[in-house]
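Note that ligands are numbered from 1 as they come in the structure, with each ligand's atoms numbered from 1 the same way. Quick note: residue numbers are just sequence positions, from 1.
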Amino acid sequence: MEKFTIKTFKIPELSGISAKNIEEHLKLYAGYVKNINLIFDKLSELISDPEKNAYVVGELHRRIGFEFNGMRNHEYYFSSFEGGPRTLPENSQFKKAIEKQAPSLEAAITGFKTLAMTRGIGWAVLGYDKQTEQLVSVWIDEQHLGQLNGLQWVLGIDMWEHAYVYDYPTSEKKKYVEAFFANLNWEVIEENFKKAF
Ligand SMILES: [Fe+2]
């Protein structure tokens with residue numbers, strides 16, 4: 001099986017999210033890549049004696065979703081800061097799609113911020129369901145619990161405390177949510193949206 005590789009991201013200086021927090025967060029991302037590779041390596045060894053290793057093999061299989069999505073979620077997250085804050089392009093397809101479902105882009109963002117304030121550790125995600133041609137927002141516990149099959153990720157905010165622990169106390173996580181949106185490159189979000197087609 002081909003190895004997953006640790007990606008690099010050109011993240012500029014952000015406002016409200018420190019370079020220290022990003023640096024530490026990137027180390028956690030690297031851990032997910034390391035561990036998804038480790039799972040598949042271990043499985044290829046242990047599967048040679050599935051009866052003896054049944055319990056371990058079962059538990060390794062169970063953790064694939066956590067490590068794989070931990071890797072992929074963070075790749076969407078970090079890439080959304082690349083290039084610095086930019087607005088949606090003229091004639092944005094994403095904007096058109098969201099305005100079919102919400103009174104305005106601003107109203108949709110406000111709703112998404114509420115989703116991000118869900119109690120617990122996980123992700124607030126906006127994705128596109130090609131089958132029903134609509135945007136769907138969803139809360140994902142941890143990295144994987146609640147991921148929706150086939151949904152193209154458009155926008156995802158990491159709401160684990162490690163995403164803002166160097167910058168804000170937990171009682172002020174709303175400031176982190178605001179900082180995330182202040183630094184967001186909406187051109188990247190537009191590109192993510194186009195991948196659904
Ligand atoms: Fe994270």
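- For a distance threshold of 2.8 Å, the protein N, O or S atoms nearer than that to the Fe ion (ligand 1), listed by chain and number, are His25 NE2, His74 NE2, Asp158 OD2, His162 NE2.
- With sequence neighbours left out, the salt bridge (charged side-chain N to carboxylate O under 4.0 Å, His left out) criterion links Glu75 to Lys7, Arg72.
- The aromatic rings of Phe78 and Phe9 sit tilted, their planes meeting at an angle between 30° and 60°.
- For the pair Lys175 and Tyr168, the cation-pi test (distance below 6.0 Å, angle within 45°) is failed.
- The shortest distance between side-chain heavy atoms of Leu14 and Ile22 falls below 4.5 Å.
- Within the cation-pi definition used here (under 6.0 Å to the ring centroid, within 45° of the axis), Lys113 qualifies as a partner of Phe181.
- Side-chain contact between Met159 and Ile121 is absent, with no heavy-atom pair separated by less than 4.5 Å.
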